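Read the structure below first, then the notes.
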Amino acid sequence: TTDDLVNTDIVVDCLDSAKSRLELAALCKEAIPPIIHGAVAKWYGQAGLATPENSLIEKIFAKQVNVQKEPVKVTAPTVYHIASLQSSEAIKYLLNYPSELINNWLSCDLLSTDFQKISS
């Protein structure tokens, strides 16, 4: 609930569906804590810093709410990589360090070793 988030400094998104992420983003907009977003699928992952102002979660997942999917297969290195990025972003936020991901997100494809910062 929103009441649970009022005194929260930051939320780390480790959810596995677009619907859950959008619900979390809506709760955080009311309570104001930013969300350290992370998502993984196979060799692909993404991470970013979602705030009420940048609506990152809505921009990424708005069109995926009603999409029925089979369980996503994931490689362990992808999970470790995205979790590391999320941890780094959380620490930077809590220490008031600037982040390149506040209005962007990082997309990575570990199979092809491709990393891109994408503007939201």
Side-chain angles (χ1 to χ4, degrees):
T1 68
T2 304
D3 292 339
D4 296 330
L5 297 172
V6 170
N7 295 318
T8 302
D9 292 325
I10 197 163
V11 173
V12 179
D13 164 18
C14 301
L15 300 170
D16 64 355
S17 75
K19 182 180 178 192
S20 296
R21 286 185 169 103
L22 290 167
E23 289 171 2
L24 178 63
L27 286 172
C28 287
K29 272 195 177 194
E30 293 176 28
I32 312 297
I35 302 169
I36 304 296
H37 166 66
V40 295
K42 298 181 183 175
W43 292 87
Y44 170 80
Q46 63 189 29
L49 178 58
T51 65
E53 295 80 25
N54 72 16
S55 301
L56 178 69
I57 303 294
E58 293 88 340
K59 289 175 183 173
I60 296 173
F61 293 101
K63 295 180 182 177
Q64 297 180 23
V65 175
N66 296 320
V67 176
Q68 294 288 353
K69 294 183 179 179
E70 294 180 24
V72 176
K73 296 179 182 178
V74 180
T75 62
T78 307
V79 174
Y80 300 144
H81 185 74
I82 297 303
S84 176
L85 286 169
Q86 286 180 284
S87 298
S88 297
E89 288 302 309
I91 292 167
K92 287 191 289 187
Y93 180 82
L94 293 171
L95 294 176
N96 292 314
Y97 288 5
S99 171
E100 288 292 317
L101 298 184
I102 190 133
N103 290 313
N104 309 292
W105 72 89
L106 181 67
S107 170
C108 66
D109 181 340
L110 296 179
L111 188 59
S112 64
T113 317
D114 182 37
F115 296 81
Q116 294 181 4
K117 184 173 70 172
I118 301 171
S119 298
S120 63

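Bear in mind that the values here come from a model prediction, so they are computed numbers and not experimental data.
Transitive grouping of hydrophobic side chains (ILVMFWY, heavy atoms separated by less than 4.5 Å) brings Val79 and Leu85 into a common cluster. Linking Ile, Leu, Val, Met, Phe, Trp and Tyr whenever their side-chain heavy atoms come within less than 4.5 Å puts Trp43 and Phe115 in one cluster. Under a hydrophobic clustering in which Ile, Leu, Val, Met, Phe, Trp and Tyr are joined whenever their side-chain heavy atoms come within less than 4.5 Å, directly or via other members, Leu106 and Ile91 fall into different clusters.
Atoms CD1 and OH, from Ile35 and Tyr93 in turn, are 11.5 Å apart once rounded to the nearest 0.5 Å. Rounding to the nearest 0.5 Å gives a distance of 8.5 Å between CD1 of Ile82 and NE2 of His37. Taken from CG in Leu56 to CD1 in Ile36, the straight-line distance is 10.0 Å, to the nearest 0.5 Å. Rounded to the nearest 0.5 Å, atoms CD1 (Ile118) and CG (Leu101) are 10.5 Å apart.
Nearest heavy-atom pair across Glu58 and Ala25 is OE2-CB, 3.9 Å. Counting all heavy atoms, side chain and backbone alike, Pro33 lies closest to Thr8 at CB-O, 3.5 Å. Across every non-hydrogen atom of Ala90 and Ile10, the tightest pair is CA-CD1, 4.0 Å. The heavy-atom pair separating Ser55 from Pro52 by the smallest distance is OG-O, 3.8 Å.
By the 4.5 Å heavy-atom criterion applied to side chains, Val74 and Tyr44 are not counted as neighbours. At least one side-chain heavy atom of Asn104 sits less than 4.5 Å from a side-chain heavy atom of Ser119. Counting heavy atoms from C-beta outward, Leu24 and Val11 have side chains that approach closer than 4.5 Å.
Each side-chain hydrogen bond (donor to acceptor under 3.5 Å, both in side chains) pair with one or both residues in residues 73-87, not counting sequence neighbours, appears once here: Thr75-Thr78.
A donor-acceptor pair is defined here as one N or O able to donate and one able to accept, closer than 3.5 Å; no such pair exists between the side chain of Arg21 and the backbone of Asp13. The closest donor-acceptor contact from the side chain of Asn54 to the backbone of Leu49 lies under 3.5 Å. Not a single donor-acceptor pair under 3.5 Å links the side chain of Lys42 to the backbone N or O of Leu111.
For the side-chain hydrogen bond (donor to acceptor under 3.5 Å, both in side chains) test, residues two or more places apart in sequence or in another chain that qualify with Glu100 are Lys117.
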